[in-house]
Amino acid sequence: MLTAKLFQISYLRNLIFDKMEYNFREVEKNWQAYWAKHKTFKAENTSAKHKYFVLDMFPYPSGAGLHVGHPLGYIASDIFARYKRLKGFNVLHPMGYDSFGLPAEQYAIQTGQHPRITTENNIARYREQLDKIGFSFDWDREVRTSDPQYYKWTQWIFIQLFNSWYNKQSNKAEQIETLFSEFEARGNASVIAACEETKIFTNADWTAFSDKEKSDILLNYRLAFLSDTMVNWCPQLGTVLANEEVKEGVSERGGYPVERKLMKQWSLRITAYADRLLTDIDALDWTDSIKEAQRNWIGKSEGTSIKFKVESEKLEEESFIEVFTTRPDTIFGVSFVTLAPEHDLVKQVTTADQKSAVEEYITFAKNRSERERMADVKKITGVFTGSYATHPFTGKQVPIWIGDYVLAGYGTGAVMAVPAHDSRDFAFANHFGIDKKVIILPAVDWDFADKSYDEKEGKLVNSDFLDGLEVKAAIKKIIAVIEERGLGKGKTNFRLRDAIFGRQRYWGEPIPVYYKNDIPYVLNEQELPLLLPEVDKYLPTETGEPPLARAKDWKYKGEFEYEYSTMPGWAGSSWYFLRYMDANNDKAFVSKNAVDYWQNVDLYIGGSEHATGHLLYIRFWTKFLNDLGFIPVTEPAKKLINQGMIQGVSAFVYRAFVFFPDEDKEKENYIDYYRKNPVFISKKIFELSINGDESAKNKIFSALQKIHKEAGFDSGIGLFQEKTAIHVDVNIVKNDVLDQSAFKNWREEYKDAVFITEENGDYICGSEVEKMSKSKWNVVSPDLMVEQYGADCLRLYEMFLGPLEQSKPWNTSGISGVSNFMRKLWRLYHNGDAVNISDEPATRPELKTLHKTIKKITEDIERFSFNTSVSNFMICVNELTEFKCNKREILEPLAIIISPYAPHIAEELWNRLGHNESVTYAEFPICKEEYLVESSFNYPVSFNGKTRFFQEYDRSLSKEDVEKEVLTLDQTHKYLEGKTPKKVIVVHNKIVNIVM
RNA sequence: GCCCAGUUGGCGGAAUUGGUAGACGCGCUGGUCUCAAACACCAGUAGGAAACUGUGCCGGUUCGACUCCGGCACUGGGUACCA
């Protein structure tokens, strides 16, 4: 009763107190409304100012809403965008939604609700959450990939890809018409294109071909093409997936198993751009890890193809196995040749004796799922074909094997095996007892019985004309010889595969293709967008066709056959940066004026998980659109920053089971009992009891006895040794201490929980850093933070947590420091409730504090070290508070420099300083170095290994003073009693060391 | 296995060019205010009684190393038979 009353009094006092304090709720609401009303952040497409394009990777609007980790990158980009505006740039800072995707569709399958509805609801929630944080987005330029006005242009780009081929001579994509006229004039003999190997035909042949034949040939050249390819098929999702969407043999979304399957599919010929995607990386200001990941993904390797003649009586014609190797120097070490199980020659080279064994093996390899293959990489499997090939140099017979360690899709699908110098060949040879021949002598001791020597260093032996050469010289020589004798030729291979483009799903962009007599045609531009039709169910049809086959009243239904696949999730996101430049244009995907002005993204912020997916595709499309002359740039983003992930800190309580020795020990019994009286052991006691601490055990035991007594039992009591850790909602845990009553109310089953606590009655939870997720009860919502501390506080704190690029756990308790800082900042400008600003000139120390801060903040922002900025603001405000500084001369620039970080409070202060315009239109102040000069300082002197502060000098540092350093030397001599030092080391005008 | 990033107090982290390591914040301890508490404010806070020792470990370069070089260990991320 008394405490309740007192609480009321203190509550009232706090209310009055609050009135004098910064009222972030009101201020933030007002300024957010002001920005929206005045379109403060609207970017114009024409300006005398320099442009600056700051882009975030737009989110997929999921049903779970945002957690505190999501806005991290947006806050950073917003700070930079606001900073650039203050620096006088015309800033484009847009936001949108990547709104096609699987989760909405899965939800639709379960509930029957149209994915559009789900998506719109989620977008509305995202928008609400984003608005609360006070971002400076130009919402007039919002894009949604699922909006027909947007995907019209995604479809249009697909059509451009379909209507293009890659000319390797000009090294760019060209209109398919140029190829067409070349075929009509001369056939394809002189065409060098990115395509599958094709038969040579003349212009006469071309004219004679049927329409279908012509179409098939052209498909082989088009950048968007249909082909029978091995795809990653996910039966549970009922769709194919790109390599990038498969992680460790299961689907990235959902984690379902993935199989290999041969299917007719739309693909994009990204491999045509492999070389350019690789070489252009170097010039980009992206992080090394992303650049490296892309290089590895493209996987360029230069080597040689070599032909091995097959010795087989069965074959009428001469037949060769072509292998690809990066180590032609090891040719004399070849002891067998291995074919991929899917290799064309497998059937022909298999002898009658081996036929059944080979067929058995091929069936085995085919049915082995991707997952199994990855799981037992070390398991070696293979079979001998019975045939031999002729070694091109020694003329000896080498056996031909089949093994699934050779991939059909890479190189030629066949390898020459050199067991002594390749670890995979070594393992294979060891397993099947094939002999090895050492042909490179390493400089170090090497046990060839144990492992292969794969290094590209050493001298060649047993290698005929290569003997005595170093590896590098040998490679050069052998390539020359191979080419001279026509045994093969230098060849470059890429790991990168063409991107499979069709998805057997509903919620995506329809591929704008229809079929007439089995020939694919693209729609006319006027017919776009090809709208996503309504369907009764979002599942495949009974005959296994994609959901779009269910559409009843599609435009040309019955007239032509439509393509039923939709585009993959990455289609819309592969060009969205361009749409922001001219988001509402219905004549073109972007106008020439707009793209000429905005060019490309200056700063792109997003997660590193897109390294080999989105970030590769967006570069590909950009290059393609540039080739066709639609845009002036070849890269989408000049600078890329990857923000780290914010992890959750899960809290745990430890549950002990109680049972009664004299009762039935069946499991149900004590589970039942526990449900009535769960016992929780604190982290400390839990750990101690594990380590066999007797006193802790006794403590648990006596606590259990107490519980037991209260329950009305007389008999002995026991503690079940296996304790369970339970995730507990982090919102009822503060500084590791559990809110015990909240915990009891949290779940019905914990209603009667009994706690074994520390001496002071606190229950200390265990904690662990994990991914932030609902199921782990460690999600902290930004709404809650904004509600409790304000948007500015959240923004500052997210930056303060640590370096932007680093992953770090969220810890709400630290936010109070930032909250305190906000109050101190407010008080600088106020005395009680009233604004208290003086027009007196500032003192030198005050000016020094200000300009030091301007300098540091500028440097911090420029090098994206936002965490140190927040510290520097705190130092600045602490110093000014100490000075009791309320000078306009100081506080006005302070409001400006803090505005990118804490825009709401900055606007309010700016307004209270008497300005009518938004602080956004102010000018970022420039540091005046003269105020930074030290008036006095200590010389630290290291002498005989000890550092002493030499003497305090009262002087300012100017250029002349630096030259007058001799004076300091005099002082040094005096100090050292007339001895002359050998060396006096001066750094930043300070003597730091004296060498005698 | 390979590639990339990292390892600093009780915790998050700072040190920008090789120049007084631990800024700033959290937490903790003590004090002021209060009947009491919360809030707020003030002081202290790497370890050690001290000499000294301290940036994952071993060694090197340097007058001087968290920073540069060589080797190792561990943590996180990416990748996976790419010939």
Side-chain angles (χ1 to χ4, degrees), chain A residues 2-3 6-7 10-11 13-14 17 247-249 287-293 295-297 299-301 303 323-327 330 338 373-374 377-380 403-407 409-418 422-425 427-428 454 493-497 608-609 611-612 642 644-645 735-736 769 797 800-803 805-818 820-821 823 855-856 859-860 862-863 865 867-875 878 938-943 945 947-949 981-988 990-996:
Chain A
L2 180 70
T3 48
L6 284 167
F7 173 76
S10 71
Y11 178 73
R13 220 175 66 188
N14 285 345
F17 197 54
K247 297 271 142 92
E248 285 165 18
T287 53
D288 288 339
S289 63
I290 294 279
K291 286 160 91 167
E292 204 51 38
R295 285 189 194 108
N296 291 340
W297 193 260
K300 182 176 184 172
S301 64
V323 302
F324 174 76
T325 179
T326 53
R327 294 294 301 276
T330 61
T338 316
R373 274 179 75 158
M374 283 180 192
V377 162
K378 297 221 165 69
K379 195 176 154 196
I380 293 145
D404 71 354
Y405 81 97
V406 179
L407 303 174
Y410 183 78
T412 57
V415 299
M416 58 177 225
V418 187
D422 181 283
S423 49
R424 292 155 307 190
D425 298 341
F428 196 84
D454 298 7
N493 261 316
F494 292 96
R495 206 190 77 121
L496 187 72
R497 290 293 114 83
S608 56
E609 67 272 20
T612 53
N642 302 114
M645 224 196 321
N735 294 337
D736 290 346
V769 174
Y797 187 56
F800 184 66
L801 268 179
E805 306 204 59
Q806 196 176 299
S807 285
K808 56 240 163 192
W810 177 265
N811 173 16
T812 302
S813 64
I815 202 169
S816 63
V818 178
N820 266 340
F821 157 75
R823 279 211 291 272
K855 185 180 183 181
K856 282 185 172 166
E859 286 168 359
D860 289 341
E862 298 278 356
R863 69 192 168 102
S865 180
N867 54 328
T868 53
S869 301
V870 182
S871 294
N872 286 324
F873 283 130
M874 287 177 176
I875 294 167
N878 283 346
N938 292 323
Y939 282 108
V941 176
S942 291
F943 177 55
T947 302
R948 278 176 245 176
F949 288 95
K982 256 190 215 155
K983 201 156 60 165
V984 178
I985 294 143
V986 183
V987 176
H988 294 170
K990 289 178 187 178
I991 297 178
V992 294
N993 208 322
I994 299 165
V995 186
M996 298 303 293

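Proteins come first, then strands; the chains are lettered A, B, ... in the order of their sequence lines, and each starts at number 1.
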Any side-chain N or O of A/Tyr410 below 4.0 angstrom from OP1/OP2 of B/A83?
yes
Residue list, ring pair (Phe, Tyr, Trp, His ring centres under 6.0 Å) with A/Phe324, at least two apart or on another chain
none
Pairing residues for A/Lys291 by the salt bridge (Lys or Arg N to Asp or Glu O under 4.0 Å) criterion, not counting sequence neighbours
none
side-chain contact (heavy atoms from CB on, under 4.5 Å) with A/Glu292: which residues, sequence neighbours excluded?
A/Arg295, A/Asn296
Separation of B/A5 atom P from A/Lys291 atom NZ, nearest Å, is 12 Å
Determine the Euclidean distance between corresponding P atoms of B/C3 and B/C72; express it in Å to zero decimal places.
12 Å
With a 4.5 Å cut-off on side-chain heavy atoms, are A/Thr330 and A/Met416 touching?
yes
Measuring only the P atom in each nucleotide, how far is B/G10 from B/G48? A whole number of Å is fine.
10 Å
Go through RNA chain B and write down every stem, that is, every run of at least three consecutive Watson-Crick or G-U wobble pairs with distances under 3.5 Å, as range with range.
B:1-7 with B:73-79, B:10-12 with B:24-26, B:27-32 with B:40-45, B:56-60 with B:68-72
So which one's nearest nucleotide on RNA chain B is more toward 5', A/Ala293 or A/Ile815?
A/Ile815
Which heavy-atom pair separates A/Ala417 from A/Thr338 by the least distance, and what is that distance?
CB-OG1, 4.3 Å
All side-chain hydrogen bond (donor to acceptor under 3.5 Å, both in side chains) counterparts of A/Asn493, not counting sequence neighbours
none
Say you pick atom P in B/C26 and the same atom in B/C74; how far apart are they, in whole Å?
37 Å
When rounded to whole Å, the CG to P distance for the pair A/Asp288 and B/C3 reads 15 Å
To the nearest angstrom, the CZ-P distance between A/Phe428 and B/C81 comes to 16 Å
Extract from the structure each pairing of a protein N or O with an N or O of nucleotides 11-15 of chain B at less than 3.5 Å, listing the distance.
{"residue": "B/G12", "atom": "O2'", "partner": "A/Leu801", "partner atom": "O", "Å": "2.6"}
{"residue": "B/G13", "atom": "OP1", "partner": "A/Gln806", "partner atom": "NE2", "Å": "2.6"}
{"residue": "B/A14", "atom": "OP1", "partner": "A/Asn867", "partner atom": "ND2", "Å": "2.9"}
{"residue": "B/A15", "atom": "OP1", "partner": "A/Arg863", "partner atom": "NH2", "Å": "3.4"}

Taking the P atom in each of B/G25 and B/A14, what is the distance between them to the nearest angstrom?
15 Å
Taking atom C1' of B/A83 as reference, at what distance in whole Å does atom CG of A/Asp422 sit?
6 Å
Of all residues at least two apart in sequence or in a different chain, which pass the side-chain contact (heavy atoms from CB on, under 4.5 Å) check with A/Ser289?
A/Thr287
Given B/G27, B/A83, B/C4, which nucleotide is nearest the side-chain atoms of A/Leu407?
B/A83
With A/Phe873, which residues qualify under ring pair (Phe, Tyr, Trp, His ring centres under 6.0 Å), at least two apart?
A/Tyr901
Gap between atoms CZ and C1', on A/Arg495 and B/A80 respectively (whole Å)
8 Å
Report the residue (A/Asn493 or A/Glu292) whose heavy-atom-nearest nucleotide on RNA chain B is the more 5′ of the two.
A/Glu292
Can you see if the side chain of A/Arg823 gets near the phosphate of B/C39 - specifically, an N or O under 4.0 Å from OP1 or OP2?
no
Rounding to 0.5 Å, atoms CZ (A/Phe821) and OH (A/Tyr797) come to a distance of 15.0 Å
Can you tell me the distance, in whole Å, between the CD atom of A/Glu859 and the P atom of B/U16?
11 Å
Using the P atom as the reference point in each nucleotide, state the distance between B/U53 and B/G59 in Å, no decimals.
15 Å
Residue A/Ser816, side-chain atoms from C-beta onward, closest of B/C81, B/G27, B/U79:
B/G27
Which one, B/C3, B/U16, B/C24, comes nearest to the side chain of A/Asn296?
B/C3
Between CG of A/Asp425 and P of B/G1 the distance, given in whole Å, is 20 Å
I'd like the P distance from B/A38 over to B/G27, given in whole Å.
13 Å
Any idea which heavy atoms bring A/Phe800 and A/Ser871 closest together, and the distance?
CE1-OG, 3.5 Å
Minimum-distance nucleotide to A/Asn878 side chain [options: B/U79, B/A83, B/G25]:
B/G25
Of the nucleotides B/C4, B/G25, B/C81, which one has an atom closest to the side chain of A/Asp404?
B/C81
Apply the syn/anti split at 90° from 0 to B/G9 and say which one it is.
syn
According to side-chain contact (heavy atoms from CB on, under 4.5 Å), who are the partners of A/Ser807, at least two apart in sequence or on a separate chain?
A/Met645, A/Gln647
Distance check needed: B/C81 P versus A/Tyr405 OH, whole Å only.
13 Å
Integer angstrom distance from the C1' of B/C4 to that of B/A83
24 Å
Would you measure the distance from the C1' atom in B/A43 across to the matching atom in B/C52 and give it in whole Å?
27 Å
